[in-house]
Amino acid sequence: MKYDFKAIESKWQKIWEEKQTFRAENDYTKPKYYALVEFPYPSGQGLHVGHPRPYTALDIVSRKRRLEGYNVLYPMGWDAFGLPTENYAMKNHIHPEIVTAQNVARFKQQIQSLGLSFDWSREINTTDPAYYKWTQWIFLQLFKHGLAYKSEMNVNWCTSCKVVLANEEVVNGVCERCGGEVVHKVKSQWMLKITEYAQRLIDDLEDVDYIDRVKVSQKNWIGRSTGAEVNFKTTAGDTLTVYTTRPDTLFGATYMVISPEHPMIREKADLIKNMDEITAYQEAAAKKSDFERSEIAKDKTGVEIQGIRAINPVNEKEIPIFISDYVLMSYGTGAIMAVPAHDTSDYDFAKAFNLPIIEVVAGGDIEKEAFTDCATGVMVNSGMLNGLSVEEAKKKIIAWLEENGIGHPKVNFKLRDWVFSRQRYWGEPIPIVHCEKCGFVPIPEEELPLMLPELESFEPTDDGQSPLSKLDSFVNTTCPCCGGPAKRETDTMPQWAGSSWYFLRYCDPNNVSALAAKEALDYWMPVDWYNGGMEHTTLHLLYSRFWHKFLYDIGVVSCKEPYAKRTSHGMILGENGEKMSKSRGNVVNPDDVVNEYGADTMRLYEMFIGDFEKAAPWKDTSLRGCKRFLDRVWNLQDIVCEGDTYSQKLESSIHKTIKKVSEDIENLKFNTAIAAMMALLNDIQDAGSLTKADYRTLLILLNPFAPHITEELYEQLGFGGMLNEQSWPSYDEAKCKAATVEIVLQVNGKIKAKAEIDANASKEEMALLAKENDKMKQAMEGKQIVKEIVVPGKLVNFVVR
RNA sequence: GCGAAGGUGGCGGAAUGGCAUACGCGCUAGCUUGAGGUGCUAGUGUCGGAUUCGAUGUGUGGGUUCAAAUCCCAUCCUUCGCACCA
């Protein structure tokens, strides 16, 4: 009989559905395993061949865990709020809710055709009011704890989407989504104080098992630095505070630079003699987008403030103050002391403006470039610091600054608070009203969910107001606090809101009185293994860790970190090695692959394509190789014979393969796990026959990768029961070795011969064998052995002279 | 500029001090099939000798070692991330 993958796959998918085979049990006494993949945004394009790569990988892990006896939770859902759906709805005059439902239906059908073992009884959708009720609830808790606030902010504004973007959403100066120009705009925005958690978000990375590159980029993004704040008196009689990571170089500070937005300029305007010039520079800087600012990064621009000078506290010298857009108001104090001899940007600026450069750390050549090395330099021209190392000097100067009330140690972060408002329709309404008398008031929790109202048109207004602002019946309300007239917040939450806690909802998806029962959370959390894209490292991953830590602080969850382990997959590229996209014409549709080759071949190929963590180009011909492998596994039926033990010829091969496959799955080495099973198949065909026991083990090993064909063969061979109810096979380390091994015989490190020997042969036996070998004798003719190296089971090497 | 990952056959990739190229694709030859994106067998890094041989070979140049794709130093290139963060 031929391998009819279509019939087999639909048969088993139906059986699994009827039997609820992959339903996670609410039996909290069993050992649990929570495997998670990022839930997709159900776009109009349908599933991409990139989606199944991580889904299949953790499906393999989940299926293996079930065979190992765990109660496994492997859920799926839809991150369905967002701009593309809204834009599509606007263009085609369909309600986003309808578009979302259509897209979800298509995605679900496509995902189900792959035979992934998701527990569909726990499916969630972020646009479901029963779900976003709890997104809003979390927001209210953040508000009540002072972590959500509204503030006038200089924000990133996408001119094409007409929407505010978080810093994380601005990529190369343009909008991450549409590529539109991003400019700065001052707007009143809801903000979340993620910065309050900056230190913990770094510290707690110690306790989790994330791949290194994820930890590194999170740390870089949070950007912790240590240094000092130093107060400089000015000739205007006030104080300017700067932040520096190099207080040791204070004696080399020859000028000061403040940001164009620094408040001092307004405050001391009457003392500034060149105000026109300053204002012109400020205006030019304000107009520039971040992209333009960084494009011209190499050429330093600025204006000296005439009329006010700063006084260096260590030597009482007056130094000039400049404004320049290379100093950002949003970091540190918006003012720096410039030490051109030991900072690259200051060096460039000093060269451009012909300012003095004083060396205070010896060891470099400041004629040529700034000397920034902290490890080797020795302090010079620095009064009391002379002769000290940089590290010693830092300590000493900070102590001196503190003693004299001039400064103190300070930690700074690059991380900014999270801009949380979007002027859009298709998102969670922010559950706050504004009352003239009471200010911002949260709506009572029992009124949640605050439903997204029906609208005629989803267009944002030209002045950047949310579409909801056009609906008076929504906007006008009464204050929950005083009962007077009040207006609702009309901005909605960003797409990242719903995905910041979704892993908690899976634990108890239908709970109406809490985001999930405490008992369920305590049992399932933390997620044991979370796999997702590297592109989410600084957005979703950081945001969700922040929310989780907050929920931990208020007692909702019992673990500090949401994910015990995080891994990441590489992208699947087009056949030409470029990113798959419609415009490049290299898109592969997963439906076509499933139709032509079957889900099992598709799954196998997605895992065999290369190193899971690296990008790999799609190749149709290699797909055929995987189909061939399954055909050959199917055809083993022709040579199988009775027998409930492993056949002698294959025993060590089978033990070796169990070990290899078991270990490789845990280490993301799916490609070599498959290669090992292919090698076993080659061994079986060399042997000419196999027992049922041999076959059975091969089927169980292959089951997580190709669940349909293995389940079918298991039934046809009459083993009884379903394969997914069996146990993962174990191996015997001793039996992984063959009885005899081939060893290599070398003279001076060059291979001269090979020989069979008992696998447990002693070093002496091996050396003797080598000495008696004709080719070895020939190679050593007339020479003296000066050293014998014997590696058991591997090689013998004689060093001769 | 800073940070991370990487550079191995015609291709995807194995090998983390001990037989370089496992496994798969492709290709060559033979058999099979006889309307095929079929099946089987043998071969397939390079150069030279042509049966069972010799040399050479993991970006480049040095080094450590009996032994290096693997460890160390230098250098070039590719990809990704961050980018005036004081």
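Just so it is clear: chains get the letters A, B, ... in the order the sequence lines come, proteins before strands, and each one is counted from 1.
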Identify whether any heavy atom of A/N220 sits under 4.0 Å from a base atom; if not, whether one sits that close to sugar-phosphate; answer base, sugar-phosphate or nothing.
sugar-phosphate
Rounded to whole Å, how long is the line connecting atom CG of A/N773 with atom C1' of B/U52?
14 Å
By the rule that syn is within 90° of 0, classify the base conformation of B/G9 as syn or anti.
syn
Kindly indicate whether a cation-pi arrangement holds for A/K300 with A/Y326, taking the cut-offs as under 6.0 Å to the six-membered ring centre and within 45° of the axis.
yes
What is the pairing partner of B/U44, taking Watson-Crick or G-U wobble pairs with both distances under 3.5 Å in any strand?
B/G26
Using the C1' atom in both, what is the distance from B/C25 to B/G13, to the nearest Å?
10 Å
Find the distance A/I572:CD1 to B/G12:P and express it as a whole number of Å.
15 Å
Indicate, with a heavy-atom threshold strictly under 4.0 Å, whether A/A676 touches base, sugar-phosphate, or nothing.
nothing
Please measure how far the P atom in B/C27 lies from the corresponding atom in B/C11, and state the result in whole Å.
15 Å
Has the side chain of A/K794 got a donor or acceptor atom sitting under 3.5 Å from an opposite partner on the base of B/C19?
no
Answer with base, sugar-phosphate or nothing: what part of the nucleic acid does A/L795 contact at a heavy-atom distance below 4.0 Å?
base
Need one value for A/N412: base, sugar-phosphate or nothing, where a base atom within 4.0 Å counts as base even if backbone is also close, heavy atoms only.
nothing
Does OP1 or OP2 of B/A14 have a side-chain N or O of A/N671 closer than 4.0 Å?
yes
Quick check on B/G26: is either OP1 or OP2 less than 4.0 Å from any side-chain nitrogen or oxygen of A/R628?
yes
Once you apply a heavy-atom cut-off of 4.0 Å, does A/N682 come out as touching a base, just sugar-phosphate, or nothing?
sugar-phosphate
Would you mind classifying the nucleic acid contact of A/K414 as base, sugar-phosphate or nothing, using non-hydrogen atoms under 4.0 angstrom?
base
Under a 4.0 Å threshold between the charged nitrogen and the carboxylate oxygen, would A/D4 count as salt-bridged to A/K2?
no
Taking only side-chain N and O atoms of A/K752, does any of them lie within less than 4.0 angstrom of OP1 or OP2 on B/C53?
no
Rounded to whole angstrom, note down the P distance from B/C40 over to B/U8.
31 Å
Can you check the A/E606 CD to B/G12 C1' distance for me, whole Å?
14 Å
Whether A/Y243 contacts B/C85 is assessed here as follows: a side-chain N or O lying under 4.0 Å from the phosphate OP1 or OP2. Is that the case?
no
Given atom CE of A/M571 and atom C1' of B/A5, what is their separation to the nearest angstrom?
14 Å
If the cut-off is 4.0 Å, is A/S225 near the phosphate of B/A86, judged by side-chain N/O to OP1 or OP2?
yes
Roughly, in whole Å, what's the span from CD in A/E613 to P in B/G13?
14 Å
Under 4.0 Å, counting only non-hydrogen atoms across every strand here, what does A/E788 touch: a base, just sugar-phosphate, or nothing?
nothing
Within the 4.0 Å heavy-atom criterion, would you say A/S217 contacts the bases, only the backbone, or no part of the nucleic acid?
nothing
Write down the partner of B/A83 under the Watson-Crick or G-U wobble criteria, each distance required to be under 3.5 Å.
none
Under 3.5 Å, is there a donor-acceptor pair linking the side chains of A/S259 and A/Y331?
no
For the pair made of OH in A/Y605 and C1' in B/G24, what is the distance, rounded to whole Å?
10 Å
Any side-chain N or O of A/K787 less than 4.0 Å from the OP1 or OP2 oxygen of B/C66?
yes
Between A/N635 (CG) and B/G39 (C1'), how many Å, whole number?
9 Å
In this structure, how many angstroms lie between the P atom of B/A22 and the NZ atom of A/K669, rounded?
18 Å
Do A/H540 and A/E38 have a side chain donor and acceptor closer than 3.5 Å?
no
Expressed in whole Å, how much space separates the C1' atoms belonging to B/U51 and B/U56?
22 Å
C1' atom, B/U58 versus B/A14: distance in rounded Å?
12 Å
Rounding to 0.5 Å, atoms OG1 (A/T226) and NZ (A/K410) come to a distance of 12.5 Å
Using a cut-off of 4.0 Å on non-hydrogen atoms, how would the nucleic acid contact of A/I789 be classed: base, sugar-phosphate, or nothing?
base
Quick one: label A/E596 by what it contacts on the DNA or RNA (base, sugar-phosphate, nothing), any heavy atom closer than 4.0 Å.
base
When the C1' atoms of B/G9 and B/G59 are compared, how many Å lie between them, rounded to an integer?
15 Å
Gap in Å between the two C1' atoms, one belonging to B/A68 and one to B/G17, rounded
7 Å
Just to be sure I understand the rule, does A/K750 reach a base, reach only the sugar-phosphate, or reach nothing, if contact means heavy atoms closer than 4.0 Å?
sugar-phosphate
Are a donor atom and an acceptor atom from the side chains of A/N231 and A/T239 found within less than 3.5 Å of each other?
no
Can you check the distance between B/G43 and B/A50, where both ends of the measurement are the C1' atom (answer in whole Å)?
15 Å
Decide yes or no, distance alone: a donor-acceptor N/O pair under 3.5 angstrom between the base of B/C40 and the side-chain of A/R632.
no
Aromatic ring proximity A/F349/A/F322, centre distance under 6.0 Å:
yes
Does B/G9 have a Watson-Crick or wobble partner in any strand here, with both distances under 3.5 angstrom, and which is it?
none
Report which part of the nucleic acid A/Q746 touches: base, sugar-phosphate, or nothing (heavy-atom distance under 4.0 Å, all strands).
base
So CZ of A/R545 and CD1 of A/I194: to nearest 0.5 Å the spacing works out to 9.5 Å
